[in-house]
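Residues take their numbers from the sequence shown, with the count starting at 1.
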Amino acid sequence: RELTRTDASVRAIERVDADAFLRRYEWMGSVGSARACYGVFFDGRLGGVACFGSSGGKRSLEVCGEDSAALTICLTRGASARWAPRWTASFLISRATALAAKDHGWRVFVAYADAAAGEIGNVYQASNWLYLGRDDRARRVFASPDGNRSSRFRSTAAETWEAARVNGWSIVAELSKHKYALILGTHKEVKSLRAKLRLEPQPYPKREVRETKNPTSGGAVAATAGGA
């Protein structure tokens, strides 16, 4: 039968369980720096994982200033099972952030969408996160032979960079990611933290639309959405 939201529930899970799930469904394959992990369950079966921790260095936790860094956390990992409903990600993130705020006292949540992969952050837009823009400066990242990218070089422990390059690794330039923030708490807390934002919220980015001529329709223009 088709799964519905009444079949789903979200709760905190152990790092080891999140790690096993991410190794199967998420390309980075681990919980990384996660300090808290949450899972969405369908009739007792784990269908998605969201992890919160530090990402992007100290600066990423200072979106509302240094004095609010302790209240700030990043959504560092997230993945859904292939069999899970399409709405799983937004359902999980909205409930996981609420639980994390209650469990750990965090009030500001930061997340990124990978522009290089064509992402614009639809899941955050659907959950009314604030869009804080994107740094258009290119950065250098490591690209593995299978196309995965990371800010850190990760290969076998014994493999040097020179050997890895021979085996297909490379350094490429890519645009930095779209940045989103969500502020939770009482009306007073939200108002205060919103006023401290170091970046001015911007309109949501949209998928690029290209106009192409359709040869089967007498040269009519067809719109094509770019990106995932």
Test side chain to side chain contact (heavy atoms under 4.5 Å, CB included) applied to Arg198 and Glu62, step by step: CA-CA 8 Å; Arg198 288 184 164 180; Glu62 296 180 352; 3.6 Å; yes
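- One hydrophobic cluster holds both Leu22 and Trp83 under the rule that ILVMFWY side chains link at heavy-atom gaps under 4.5 Å.
- In this structure, Gln202 and Lys179 have side chains that are not in contact, with every pair of non-hydrogen atoms separated by 4.5 Å or more.
- With hydrogens and angles left out, the side-chain atoms of Gln125 and Tyr180 include a donor and acceptor closer than 3.5 Å.
- A distance of 6.0 Å separates CG in Leu132 from CG in Leu197, rounded to the nearest 0.5 Å.
- Within 6.0 Å of NZ on Lys196 lie more than 12 heavy atoms contributed by other residues, nucleotides or ligands.
- Annotation: salt bridge (Lys or Arg N to Asp or Glu O under 4.0 Å) contacts of Glu189 (sequence neighbours excluded): Arg107.
- Contact record, Leu61 with Cys74: CD2-SG, 3.9 Å, taken as the closest heavy-atom pair.
- Tyr204 contributes a side-chain N or O that, together with a main-chain N or O of Trp129, makes up a donor-acceptor pair within less than 3.5 Å.
- A distance of 5.5 Å separates CZ in Arg5 from CH2 in Trp87, rounded to the nearest 0.5 Å.
- For Thr97 (side chain) and Ser94 (main-chain N/O), a donor-acceptor pair under 3.5 Å exists by modelled atom type.
- The closest side-chain heavy-atom distance from Tyr124 to Ile93 is below 4.5 Å.
- Atom CD1 of Ile183 and atom NZ of Lys191 lie 13.5 Å apart (nearest 0.5 Å).
- The aromatic rings of Phe21 and Tyr25 sit tilted relative to each other, their planes meeting at an angle between 30° and 60°.
- A distance of 8.5 Å separates CZ of Arg11 from CG of Leu46, quoted to the nearest 0.5 Å.
- For Arg15, the CZ atom counts as densely surrounded, since its 6.0 Å shell holds more than 12 non-hydrogen atoms of other residues, nucleotides or ligands.
- Between the side chain of Thr76 and the backbone N or O of Cys51, at least one donor-acceptor pair lies under 3.5 Å.
- One finds the CG atom of Leu92 at 8.5 Å from the CG atom of Leu75 (value rounded to the nearest 0.5 Å).
- Atom CD of Glu14 is surrounded by 12 or fewer heavy atoms from other residues, nucleotides or ligands within 6.0 Å.
- Between Glu2 and Asp7 the shortest heavy-atom distance is O-OD2, 4.3 Å.
- In this structure, Pro85 and Phe91 have side chains that are not in contact, with every pair of non-hydrogen atoms separated by 4.5 Å or more.
- The side-chain heavy atoms of Ser68 and Val108, taken from C-beta on, include no pair separated by under 4.5 Å.
- Note that CG of Leu3 and CZ of Arg86 are 15.0 Å apart. Values are rounded to the nearest 0.5 Å.
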Intermediate values then yes/no, side chain to side chain contact (heavy atoms under 4.5 Å, CB included), Leu71 and Trp106: CA-CA 5 Å; Leu71 300 175; Trp106 295 318; 5.8 Å; no
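- Classified by interplanar angle (parallel below 30°, tilted 30° to 60°, perpendicular above 60°), the ring pair Tyr38/Phe52 is perpendicular.
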